[in-house]
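The residues of the chain are indexed from 1 along the displayed sequence.
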Amino acid sequence: WLYNDNVNSPMMRAWLKDKGPVDGEDLERHDKWLCMMWPRLQLLRELLAEDGVIFVSIDDNEQHRLRMMMDEIFGAENFVASFLWKKKGTSTNVKGATVSAVADYQLCYRKSDSGSINPRVKSKESRKHPYNDDKGNYRTEIIEKKNVGTYERNTMQFKILGVTPREGKRWQIGEGTARELEKKNRFILDSSIVKRKIYDFEDKDTTSANPSYLPESCESSDIANKTLVSILGKFDFENPKPHELVSHLLKLACNEDSIVLDSFAGSGTTAHAVLALNKEDGGKRQFILVECEDYADKITAERVRRVINGVPKSKDENLKNGLGGGFTYCTLGDEISIEKMLTGKHLPNYETLARHIFWTATGQSANKIRKQRGKDGFFFETPDRLFYLIYEPHLTFLRSADSALNSDRAERIANQTKTKKKTALVFATHKFMGQKELTEMDIVFCGLPYGG
């Protein structure tokens, strides 16, 4: 596997148990891959905004299976496109090979019919207006198009400036419009070809459909490797994506304040792309990266740190000076399982439980959990509340009177609530006082589950 496959599905566990690596000799390898991807894609769909889209990069091995699975999860009607990315600039020289796979697919699905990708925009500022007359500066455009098949309209074969369309073509505008433009001197004849004048003051941004074949500016895996080496130095990472590719996809799908999630973060390309785009257009896009492998800190996060702060030896001036921005690096703590706590099979350490109950009570993360202070267990403070946890990860302690909220503790805590004019939340296995009495002391008792 090129990414983490530790899933909790009993079926996956049964398949993977004592069977060794998933390789080309494993006849169940496609089933295993699909069962690994299915719950992840289901979850990603739930996380998507209603107008959000998802891109999944895939090669020939599983592309057709992934397409069918995504049709089922997202709905075939929400398929947007299969973009083709040229990942290699040269063909393979492996002996006996007759075809070289130089492209990967970027499957794109939307969550609902309110989702879409942005059209390709050509800004009016990008156009030159090299000619001028008494009305101002202008450019010219040919007003012919093909006159075959579904485009065939023989009524569009009239004369403009005494000239009919060339063979196999017709005008793009109707005769009434053409006559009005003729009166305004809006046509010129250039080598027997009729062209229309477009003045700079009337020019507008134009849009067109995005081609499914991605441009050369999306770069290749070779370029991605060179970029990574320039940022991190020597390292061992297989098939990184170029940030230019991800930037292009983000421009297709995102606004300047979008939130971008990459659940297989790899070398951190998505964060690099988001930061580069924000630098380019002043956007406020945010990124969330998820990586379960052991290189998450030394490669994924380290790359993000360096592109933010600057890479002194980079030839790219923006990268050399740093793209700016910031991020928080988080790791998963110990599992919090009420069932395991009740049975005594697993008791989390003090800090892990303190962080969990604070998040449960407030919906926020505690920046810094204080060490347990004496017998009262004060560990965090907010503008309106004090948090206490009377706990040690041992059943002997939890079953003893030492783990209870008693009158002595309550008095000391009440002194703090009175002094700071705040309410105290006290988490413990049991209490020796009634809640009515505690309420008068501005104390709220919260019971902890444990294996009694």
Side-chain angles (χ1 to χ4, degrees), residues 55 57 83 85-90 102 104 106 117-128 205 210-211 213-262 264-291 295-329:
F55 292 94
S57 185
F83 293 98
W85 166 56
K86 188 178 180 182
K87 63 181 178 181
K88 293 195 294 186
T90 57
V102 297
D104 275 355
Q106 316 298 314
I117 62 172
N118 303 316
R120 185 166 54 167
V121 178
K122 186 173 184 179
S123 172
K124 62 181 179 181
E125 281 77 18
S126 66
R127 300 189 184 95
K128 295 181 179 179
D205 292 348
N210 293 282
Y213 187 80
L214 297 176
E216 295 288 336
S217 59
C218 288
E219 298 296 358
S220 65
S221 289
D222 289 339
I223 296 298
N225 265 307
K226 291 178 181 177
T227 300
L228 268 179
V229 169
S230 72
I231 297 171
L232 296 173
K234 292 184 178 181
F235 66 98
D236 182 20
F237 197 88
E238 188 176 359
N239 298 321
K241 300 290 188 300
H243 74 271
E244 293 87 351
L245 166 65
V246 181
S247 291
H248 183 86
L249 299 179
L250 293 181
K251 288 178 180 178
L252 292 181
C254 293
N255 300 317
E256 291 184 358
D257 59 352
S258 293
I259 299 175
V260 182
L261 168 65
D262 187 345
F264 294 100
S267 64
T269 301
T270 295
H272 187 164
V274 169
L275 293 166
L277 276 183
N278 286 345
K279 179 79 172 181
E280 178 183 320
D281 60 18
K284 297 181 179 180
R285 302 169 188 84
Q286 296 175 288
F287 60 82
I288 302 171
L289 306 186
V290 181
E291 182 51 66
Y295 54 71
D297 188 13
K298 65 182 180 181
I299 292 181
T300 313
E302 185 60 24
R303 176 184 185 175
V304 184
R305 296 184 190 105
R306 295 191 183 189
V307 299
I308 286 175
N309 297 320
V311 182
K313 295 183 180 180
S314 176
K315 296 179 181 179
D316 183 315
E317 281 301 312
N318 283 331
L319 198 54
K320 184 177 181 178
N321 297 323
L323 301 176
F327 74 104
T328 301
Y329 180 77

Return a table of donor-acceptor pairs under 3.5 angstrom between the side chains of residues 316-323 and protein atoms on other chains or two or more places apart.
unit_1	atom_1	unit_2	atom_2	d
Asp316	OD1	Asn318	N	2.8
Asp316	OD1	Leu319	N	3.1
Asn321	ND2	Glu317	O	3.1

| Is there side-chain contact between Asp222 and Lys88, with heavy atoms separated by less than 4.5 Å? | no

| said: Keeping Trp85 on the side-chain end and Tyr213 on the backbone end, is there a donor-acceptor pair under 3.5 Å? | reply: no

| request: Identify the residue among Arg306, Arg303, Glu244 that makes a side chain to side chain donor-acceptor pair (under 3.5 Å) with His272. | output: Arg303

| request: Could you check Glu256 against Arg285 for side-chain contact (heavy atoms from CB on, under 4.5 Å), going step by step and ending with a plain yes or no? | output: CA-CA 6 Å; Glu256 291 184 358; Arg285 302 169 188 84; 3.9 Å; yes

| request: Tell me, please, whether Phe327 has Arg305 positioned over its six-membered ring: NZ or CZ under 6.0 Å from the ring centre and within 45 degrees of its axis? | output: no

| field | Val260/Cys254 under side-chain contact (heavy atoms from CB on, under 4.5 Å): CA gap, chis, key distance, verdict | value | CA-CA 8 Å; Val260 182; Cys254 293; 3.9 Å; yes

| task | Determine whether Asp262 and Ile288 make a side-chain contact, defined as any pair of heavy atoms from C-beta on separated by less than 4.5 Å. | result | no

| request: In sequence, state the C-alpha distance, the side-chain angles, and the governing distance for Leu252 and Asn210, and then conclude on side-chain contact (heavy atoms from CB on, under 4.5 Å). | output: CA-CA 8 Å; Leu252 292 181; Asn210 293 282; 3.2 Å; yes

| Are Lys86 and Glu219 ion-paired here, with the side-chain N under 4.0 Å from a carboxylate O? | no

| said: Any side-chain to backbone donor/acceptor pair from Asn255 onto Asp257? Under 3.5 Å, distance only. | reply: no

| task | Any chance you could measure Lys241, atom NZ, to Ser57, atom OG, to the nearest 0.5 Å? | result | 4.0 Å

| query | Which heavy atom in Leu289 sits nearest to a heavy atom in Gly268, and how many Å separate them? | reply | CD1-CA, 4.2 Å

| query | Can we say Lys124 and Asp205 salt-bridge, meaning some charged N sits less than 4.0 Å from an Asp/Glu carboxylate O? | reply | no

| Counting only N and O atoms by type, is there a donor-acceptor contact under 3.5 Å from the side chain of Ser230 to the main-chain atoms of Thr227? | yes

| said: Please give me the minimum heavy-atom distance between Glu280 and Lys251, naming the atom from each residue. | reply: OE2-NZ, 3.5 Å

| said: Give me the atom names and distance for the closest heavy-atom approach of Ile308 to Gly325. | reply: CG2-O, 3.4 Å

| Flag side-chain contact, heavy atom, 4.5 Å: Asn225 against Pro240 | yes

| said: If you compare all heavy atoms of Gly326 against all heavy atoms of Phe287, which two are closest, and at what distance to 0.1 Å? | reply: O-CZ, 4.5 Å

| Spatial distance of atom CG (Leu228) from atom CD1 (Ile299) [nearest 0.5 Å] | 8.0 Å

| query | Does the Thr300 side chain pair with the main chain of Gly266, one donor and one acceptor, at a distance under 3.5 Å? | reply | yes

| task | Give the minimum heavy-atom separation between Phe55 and Ala253, together with the two atoms involved. | result | CE1-CB, 3.6 Å

| message | If we ignore hydrogens and angles and just use 3.5 Å, is the side chain of Thr269 paired with the main-chain N or O of Pro242 as donor and acceptor? | response | no

| task | Measure from the side-chain N and O atoms of Glu302 to the backbone N and O of Asp297, and report whether any donor-acceptor pair falls under 3.5 Å. | result | no

| query | Is Lys298 atom NZ crowded by more than 12 heavy atoms from other residues, nucleotides or ligands, each under 6.0 Å away? | reply | no

| task | Just do the side-chain contact (heavy atoms from CB on, under 4.5 Å) check on Lys87 and Val102 with the steps written out, would you? | result | CA-CA 6 Å; Lys87 63 181 178 181; Val102 297; 5.6 Å; no

| task | Give the minimum heavy-atom separation between Gln106 and Leu214, together with the two atoms involved. | result | CG-CD1, 4.1 Å

| Do Ser247 side-chain atoms and His243 backbone N/O form a donor-acceptor pair below 3.5 Å? | yes

